[in-house]
Amino acid sequence: MQCGSAMAAAAGPGCSGSGVASSEAAARRRLRVLLGHLRSAPETHLSASQCRGRAAAAPPSTLPKRRQEVLKWNGWGYSDSKFMFNKKGQAEFTGKRYRLGGTVLPLLREWLEKNLGGSLEHKSIPKASLNTSDVPPSVTNEGFLQDLKATNISYSQDAEDRVFRAHGHCLHELFLLREGMFKRVPDIVAWPECHDDVVKIVGLACKHNVCVIPFGGGTSVSSALECPPDEKRTIVSLDTSQMNRIHWIDEKNLTARVEAGIVGQDLERRLGESGYCTGHEPDSMEFSTLGGWVATRASGMKKNVYGNIEDLVVHIKMVTPRGVIEKSCQGPRMSTGPDIHHFILGSEGTLGVVTEVTIKIRPVPEYQKYGSVVFPNFERGVACLREVAKQRCAPASIRLMDNQQFQFGHALKPQVASIFTSLLDGLKKFYITKFKGFDPNLLCVATLLFEGSREKVLQHEKQVYDIAAKFGGLAAGEDNGQRGYMLTFVIAYLRDVGMDYYLIGESFETSVPWDRVLDLCRNVKERIVKECKERGVQFPPFATCRVTQTYDAGACVYFYLGFNYRGISDPIHVYEEIESAAREEILANGGSLSHHHGVGKLRKQWLKESVSDVGFGMLKSLKQYVDPNNIFGNRNLL
Amino acid sequence: MAAMVGGSTRRGTPMYSQKNLTSKKKYDFEDILEERRQSSDLRYAMRCYTPVMYKELSPCKPSAIKTLVLHSEQVQYVIKELSKEMGESPDIVQEEAAEILDEMAHSMHMGAIRFFAFTLSKLFKSLFKSICVNEEGIQKLQQAIQEHPVVLLPSHRSYVDFLLLSYVLFTYDLAFPFIGAGIDFLGMKVVGELLRKSGAFFMRRTFGGNKLYWAVFAEYVKTMLKNGYAPVEFYLEGTRSRTAKTLVPKFGLLNIVMDPFLKREVFDIYLVPISISYERVLEESLYAHELLGVPKPKESTSGLLKARKILSEDFGSIHVYFGQPLSLRTLAAGRINRCPYNLVPRHIPQKPSEDIHEFVSDVAYKIELLQIENMVLNPWILISTVLLQNLPAISFEHLVEKTLWLKDLTQSFGGFLDWPDNLCANKAVRSSLSLHSNIASLVNGQVVLNDTEAGPGAAGESVFKEALSILLCGSYRNQLLNIFVRPALVALALQMTHSSRKEEVYSSFAFWLDVFSDEFIFFPGIPLKDFEEGCYLLTKCDAVQITPQQIFVTEKGSDVITFLTGMFRPFVEGYQIICRYLSKEVATETFSEKQFIFGVRSFASQLLETGSTQCYEVLSSDMQKNALATLVRLDVAKKIKMSNGSTYSVSKEALSKTAGMFESRIPVRKPVAARL
């Protein structure tokens, strides 16, 4: 069957219902629908296929096959949730999904103007919708397509579907969506519904020498999902979103068998219906998937109680070109040579597709309490976190924001409802800055989250606040704590609105021994400022960090970098150079290449020096054995 | 050839400046004494003093710095290690550390600073005509101090350097630096403590083996630097250069100050090369005596007081040139493998790796080359160079003519010349002569060195006197040598090889460059660059013509070539004599440096007395020591470290080979790459 006509491929149901657009775009879309009707056979097969050996039909996922119906096609998160400036020029967050939804943020505009030189008058307007004629045509291997059809696994060659799976959420990827187009996108999107479907697809891919790129939540920030531009073979994006069942919950062993495509929020919600949770909460948990966590060695904000993904998994099943890899039992720990799970964890889609995982579960905690502590300066804050880690009494989450980030959080405060609250805020501020003598330009805030039984939480809380007091920390209320965590969920939305006003930004992270935390934070921020200046960025950048995880031997540090690119002709290139310089600085300060974002293609230039030549060779030979024909050809890591 | 290839790939090598900056820079100087001569010194000393500070400064009293140092992880670690090693309680070692710290630490005090500001104003006004400072450099320094910790690296020609620089900084309302001084100053009763109060800290001359001393000292310097209260200042040359030639750098302190950056404890460090040029050096005659083996008087307060008769003399002008602050971060970019620092806790002392060592050395040489580049040359330097090639006497007219000729040559070689343009040449030379009337005088239209007429004493005495005045004069000529050395060694190679084949000339050039690498400052590992620079300068003054394969001396150029080789002849001859001494006189198997110096001195004295050589400079202990170091480097002599100092032994075979190379044509040893 003839495929690849861009217009034909673009046809598909559900196109017409996506929000407001200009009349021209609407007309174009109508035309497309009409054209779709004229074609005899639409290329999209969205009917549920028969998956043999499957116990029950998969419950509906938060993410439908046509994700663009719910999610932004060129930005972060839900289509209905976004920052915008209203007619009065005040910032607002739309939608009802988040606590911030529907509120006015009167301070944000001034903050943007003051700290980034942003201005509502200078707007950079992105493409309103995807122009499907720009999308590289689908290159298909006919034999593969025939065989795929015969399996009844649903697939699509629709341009929107393909573009949606051509990227993660790196700055340059979003910028391309807004103002350009990828050189290479997947040719086919396939939606397997169970492990066996994956086995079939991988088998066919091997038979026809087709490249497979697994796709979970699409939240990668390491260029891991980008298609290698010089890949000549057909690229199949293997979308795991339809594999989202919980096969069983084992209450005796506190484990659950879950399909790898399940999205974080669905997993927690459905386990919650039975009174359990995994407790794994990466900032991307609304969209990222269990399989993605395993493939990137993810970390959740509550790892102090629940552990990181490598502590949580008990059993993994992965389909590789060599066959299926899994352990023969679910023992809690084994001494059976190097742990094969560690070949899988962090393999970033280069070896195969994770299909099923047995994961530890815990009863949903009885009580949760947020908290916050103000420190006179960042140094004291880090010293306090170090002490907390030393005494091994870290709450479920403890994060320390630096001064810039504290001020930024302040800018996201909603309009206060009553005079009383504003008076109270004023009093608090007076107490901290005047009475306690904290310098508002130096102080920093730690946000806390306690979990457990009510009694234990209160006891734990006291212990942590006592330690904080030794480092000059003052308790600063639950509200500030909660806002701190909310910030991490909306920050990605904020980047989208920033891009409308010539502001670009990104985050990156590292892990570092305790004794180098301060030096690393200071030097990386200074390096960013210096690099921006040298590269002609005309306004001082927003360079800020927070310590987001504590360990016995070190901490995870997370940086935000944003700047105003007005007057720069190639902002993405400039940005990439700056981030690269910042990474060099991190490495020179004894930081790691990544704590949880992964390597992908963005950081692979440093992998060899990070793991030594021999280590690199080991990874290479692993790949060579498991996937000699490079079926999983996303070219991450190596 | 391997060395050349390696050299050219070495990163961060300096480009020798190939432009003539002279006149532009010169007019940017300001005489800071001028104002002092017009307003009250007391008010100046007592004025409000608010220097700019490092942006991340945490103000800290001297006593607090001491506590910080003693309780630092670094020092505590070494204390624990040592107490385990020696089986003593840590408290005892800690006490020892505290004593060491008390001995070295400064106790900067505003009162002392004001005292110096007042007395130095008086002193400098009576000694010097002017103290000229480049204001642009001051402005850059001021900026640098606010951004990152700063290390000041001045040249070292005189004790005056110490106080002069602090005085200049005080005048410009910049922070008084912490100055690394030799412990011998503490021997001077009141002065030692006064220096301490004005920011000097004291280090022992040798402390290689003493781990505790090293740890305390290193931590002390680093704490001061990181703290950023004031710049740290020390001398790369390690000691005052007695010959006025720049000494090869010492790396110890530089290693220490670079460490906080290499370990990323600070974002960056600025290194500021400073060139201090004296028209007439206070210690000139003292140095000449010292070089001839009359021992240096121990530092003492009474000695200083005795020196007060010099107060009545005129020592001309001083030029202080603050170079562009160099960012260590920029210098290190891409050079340092970060791994070693990531895998060991930073407080545990680590031997610097090979590439760190190379980096430190490169930085040191780069800074010294910058110091040399920014040294201000005065007419007397040219005059003494001419005089030394025209002994025993030269007519005044001829002297003026040759000096003017040399002036042009110097300028075309990029020398930074302070020539009194407002005076006619005659007057300029005359005034220079009168400033240095202790060295040379005008007798019946002839300019002669003083004391050259044989006195009534014994023959030995007259040799000594003659040598004294030649060394004295030579110490001024020497200031020109580092500017001239690259073209001069090309000239020497041309003469030695009697060849115009480029590769042969280069081969000879590289040999002499290696031989003289303790005498003059060459950036390590890039002889080809030096050669190209030398050739370039010779072409620039039309002395040679260069084709891809050959170098020809032009008709006009033979004067230049002769002059240049003449300028360096004392060194070539000196080394030849030393070789001859070793092959003829040394009978014993091994000898100490002292025996060697004594032996060379008496051997050379005999030659001089009999008139078979005119090379008085071989009597200089500086040349003797350098030559010995060279012979060790060339594997002619072997240095054997013993408990009571080092001894040397000579391989006769290697010696005769090298001596042959000194005397005659140098055979081409290796084929030279076509890209020459």
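Predicted model only: the values in this text are computed from it and were never measured. Lettering of chains follows the sequences in order, A, B, ..., and the numbering in each one begins at 1.
Both the backbone and the side chain of B/Arg346 come within contact range of chain A, each with at least one heavy atom under 4.5 Å from a heavy atom of that chain. Both the backbone and the side chain of A/Glu584 have a heavy atom closer than 4.5 Å to some heavy atom of chain B. Neither the backbone nor the side chain of A/Leu520 comes within contact range of chain B; no heavy atom of the residue lies under 4.5 Å from a heavy atom of that chain.
With a 6.0 Å cutoff to the six-membered ring centre and a 45° limit on the axis angle, B/Arg264 counts as a cation-pi contact of B/Phe261. Cation-pi geometry between B/Lys140 and B/Tyr270 is not met at under 6.0 angstrom from the ring centre and within 45 degrees of the axis. In this structure, A/Arg546 forms a cation-pi arrangement with A/Tyr558, its terminal cationic atom sitting closer than 6.0 Å to the ring centre and no more than 45° off the ring axis.
Ring geometry for B/Tyr220 versus B/His106: interplanar angle of 30 to 60°, hence tilted.
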